[in-house]
Amino acid sequence: MSESNSKSKFESVREWVVDHKLRAVGCLWLSGIGGSIAYNWSQPGMKTSVRIIHARLHAQALTLAALAGAAVVEYYDHRSGAKSERYAKFLAPVDSYSHKD
């Protein structure tokens, strides 16, 4: 029972990430730069400018990896047809657009 509950939580997180890819990448970037700054500040003997540059480089690499992951998710959604099914519920049927003159 707990396995199905955790699976549904995982699925809900996955669906949120699929629906909000750029927001997820932005949050990952923000947490990456924050964590990198915190880590670099704990290292003694580094200048502040070097700490900031290292934090930016770490966050940039993490962002590129997240964007690549988002591209892979988009590719598989497009290939499996899940994306078209997701958007089909927002579109009206084709017959409703026909006009009678």
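The figures that follow rest on heavy atoms only: side chains count, while hydrogens, waters and symmetry mates do not.
- The ring-ring contact (aromatic ring centres under 6.0 Å, His included) analysis of residues 14-40, with sequence neighbours excluded, yields the pairs Trp16-His20.
- Among all heavy-atom pairs drawn from Leu62 and Gly32, the shortest one is CD2-CA, 3.6 Å.
- In this structure, Ile53 CD1 and Ser36 OG are separated by 12.0 Å, a value rounded to the nearest 0.5 Å.
- Here Ile52 contributes atom CD1 and Met46 contributes atom CE; the two are 10.5 Å apart, rounded to the nearest 0.5 Å.
- Of the inter-residue distances, the one linking Thr63 atom OG1 with Arg56 atom CZ reads 11.0 Å to the nearest 0.5 angstrom.
- Between the side chain of Ser31 and the backbone N or O of Cys27, at least one donor-acceptor pair lies under 3.5 Å.
- Atom CG of Asn40 and atom CD1 of Ile33 lie 10.0 Å apart (nearest 0.5 Å).
- Using a 4.5 Å cut-off between side-chain heavy atoms of Ile, Leu, Val, Met, Phe, Trp and Tyr, with links allowed through other members, Leu30 and Ile37 fall into the same hydrophobic cluster.
- The ring-ring contact (aromatic ring centres under 6.0 Å, His included) test applied to His54 returns no partner, not counting sequence neighbours.
- Take Trp41 and apply the ring-ring contact (aromatic ring centres under 6.0 Å, His included) test, not counting sequence neighbours, and it matches no residue.
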